[in-house]
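In what follows, a single structure is set out as structure tokens and then discussed.
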Amino acid sequence: MELYREMRRDHGSVVPVLLPADIPAWLVIGYQEMYQVTNDSACFPRDSGLWNQWDNLPQDWPLRPMIGQRQPSIYYTVGAEHRRHLQMVQSALDNVSPLELNKHCEELADQLLDTFCASAEADIIADYAKPLPILVLARILGFPDSETPALSKAMSDMADGGADALEGFGQFAAMMHQLVAVKRVSPGPDVTSWMMAYPDGFTDEEYALDLMAITAAGHLPTSDWIGNSVRLMLTDDRFAASLTGGRRSVPEAMNEVLWEETPTQILAGRWAAWDTWLGGQRIRAGDLLLLGLAGANADPKVHVTTAGAETGLRGGNSAHFAFSHGEFQCPFQAQEIAETIVRVGIEVLLDRLPEIELSVPAETLTRRPSAIQQGVTALPVRFSPSPPIKGTQ
């Protein structure tokens, strides 16, 4: 947050930045400017083919998977073609039963907790927050549970933008293409099969690309939403009631995280279709604009609490950019799925481990080395040991 304040002081709401290999871009951190960019898909389309820097990228540029080249998926199409993909994905997600989703979340959360509940200590990130969303997503997409560890690793490598990013991207893509091939032969009651049954036909490549978009957008951000919410409950007195059975404050903590520590900190991106001005900066045709979701949420022009000085909470104010905004925002059905995974995951955790507490000083927690995702690398906790549920039945 201090860095965002310095950026705003020195450059205003649209900040010139350099990506690896000194590739220039603009980081949008103003709330009003973010609304303008995400709401004007004519001037600022999500069309990476417009980028004026493709010829300058090294072949092994680590952010290639996060930027993406033109391809026929929900994430990289515009206009009528984007709406066609969106309608197919939304139709499939509509078939996800809320009751079944809750059942999956509770069952998988209990399975994870059973692996460490008797040990009196754990790392909530590695042992719980990171695996839970991909376990749930993989199940509703149609993956067998046994394939989720490889899927999770590939996506983490890709999102962190390090040396393993391109290899992770390749593994991720291969697993999605294999899933489509399996469901082509043996469809089931899952999102992949429902997508493939949509009356407006798509190619297997398009199905795989759309599945990649759904899974990438749903895994790590949801993991960090869980981790950031639990950390807030363990370190912030405003949410102490959450740890003693006050479950009403769980949604409040979740909403606070979407404002204060939105899991997807920066999103790539938008590209200027023509020369224009934004936030006092001259934007050239083909320039890349990075959506600084966390920066925009922290804009002092709108960063006003709504519940008074006693709690500093925003109540039901959800006018944040955690799910982006406009034509390319996260589909509402996907937002609901993520919210269910996070809420149920936290409630099961607190019900099973009611005396959980942080086992290291809060100031020693470290952030993941990613400009894209915002979360801690580990969240060590201790608690009173309890027997696994499976072992007591």
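As the structure is a computational prediction, the values presented were derived from the model and not from experiment. All residue numbers refer to positions in the sequence shown, counting from 1.
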query = Listed by chain and number, what are the salt bridge (charged side-chain N to carboxylate O under 4.0 Å, His left out) partners of D200, not counting sequence neighbours?
reply =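 Result, salt bridge (charged side-chain N to carboxylate O under 4.0 Å, His left out) vs D200: R84.
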
Residues in salt bridge (charged side-chain N to carboxylate O under 4.0 Å, His left out) contact with R270, at least two apart in sequence or another chain =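 For R270 there are no salt bridge (charged side-chain N to carboxylate O under 4.0 Å, His left out) partners, ignoring immediate neighbours.
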
ask   = Q111 and D114: side-chain donor and acceptor closer than 3.5 Å?
value =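 Side-chain D/A pair, Q111 to D114: absent.
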
Looking at [Y], is its backbone amide N or carbonyl O close enough to the side chain of [X] to form a donor-acceptor pair, meaning the two atoms are under 3.5 Å apart?
X    : Y    : result
D127 : D123 : yes
S223 : A129 : yes
T203 : E206 : yes
N228 : E260 : no
R64  : Q59  : yes
Q329 : F323 : no
W271 : F44  : no
T77  : S73  : yes
W54  : S48  : yes
T222 : G218 : yes

Got [X] and [Y] here, is their nearest side-chain heavy-atom distance under 4.5 Å?
X    : Y    : value
I124 : I356 : yes
T38  : F328 : no
H85  : H82  : no

Residues R367, E261: salt bridge by 4.0 Å N-O rule =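 Judged by the 4.0 Å cut-off on N to carboxylate O distance, R367 and E261 do form a salt bridge.
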
request  = Answer yes or no: is there an ion pair linking E33 with K301, defined by an N-O contact shorter than 4.0 Å?
outcome  =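 Judged by the 4.0 Å cut-off on N to carboxylate O distance, E33 and K301 do not form a salt bridge.
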
query = Please walk me through it: do K130 and D224 pass salt bridge (charged side-chain N to carboxylate O under 4.0 Å, His left out)?
reply = CA-CA 8 Å; K130 200 167 185 178; D224 284 334; over 6 Å; no

List the atom of [X], the atom of [Y], and the distance in Å for their closest heavy-atom pair.
X    : Y    : result
I266 : G292 : CG1-CA, 4.4 Å
P263 : P221 : CB-O, 3.2 Å
Y31  : A296 : CD1-O, 3.5 Å
A253 : M233 : CB-CE, 3.6 Å
L353 : C117 : CD2-CB, 4.3 Å

inquiry  = The criterion is ring pair (Phe, Tyr, Trp, His ring centres under 6.0 Å); which residues satisfy it with Y4, sequence neighbours excluded?
reply    =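 Y4 satisfies ring pair (Phe, Tyr, Trp, His ring centres under 6.0 Å) with no residue once adjacent residues are dropped.
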
Pairs under 3.5 angstrom only: tabulate donor-acceptor contacts from the side chains of residues 180-192 to other protein residues two or more places apart or in another chain.
residue : atom : partner : partner atom : Å
K183    : NZ   : D190    : OD2          : 3.0
R184    : NE   : D204    : OD1          : 3.4
R184    : NH2  : D204    : OD1          : 2.3
D190    : OD1  : T192    : N            : 3.4
D190    : OD1  : S193    : N            : 2.8
D190    : OD1  : S193    : OG           : 2.8
D190    : OD2  : S193    : OG           : 3.4
T192    : OG1  : L141    : O            : 2.6

message = According to a hydrophobic-cluster definition based on side-chain heavy atoms being under 4.5 Å apart (Ile, Leu, Val, Met, Phe, Trp, Tyr only), do V78 and I67 belong together?
response =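 Different clusters.
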
For residues 332-339, run the donor-acceptor check on the side chains, cut-off 3.5 Å, and write out each pair with its distance to 0.1 Å, sequence neighbours left out.
residue : atom : partner : partner atom : Å
Q333    : NE2  : D94     : OD1          : 3.1
Q335    : NE2  : C330    : O            : 2.8
E339    : OE2  : R343    : NE           : 3.3

Row check, Y75 ring normal vs R46 NZ/CZ: under 6.0 Å, within 45° =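 Yes; both conditions hold, so R46 lies above the ring face of Y75.
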
Identify all side-chain donor-acceptor contacts of residues 272-291 below 3.5 Å with residues at least two apart in sequence or on another chain.
residue : atom : partner : partner atom : Å
D275    : OD1  : A285    : N            : 2.8
Q281    : NE2  : V14     : O            : 3.0
D287    : OD1  : N52     : ND2          : 2.8
D287    : OD2  : W26     : NE1          : 3.0
D287    : OD2  : R284    : N            : 3.0

query = Can you say whether the rings of F202 and Y198 are parallel (under 30°), tilted (30 to 60°) or perpendicular (over 60°)?
reply =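 Tilted, since the angle between the ring planes falls between 30° and 60°.
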
message = Check this for me: E121, atom CD, are more than 12 non-hydrogen atoms of other residues, nucleotides or ligands nearer than 6.0 Å?
response =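 Atom CD in E121 is not crowded, with 12 or fewer foreign heavy atoms closer than 6.0 Å.
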
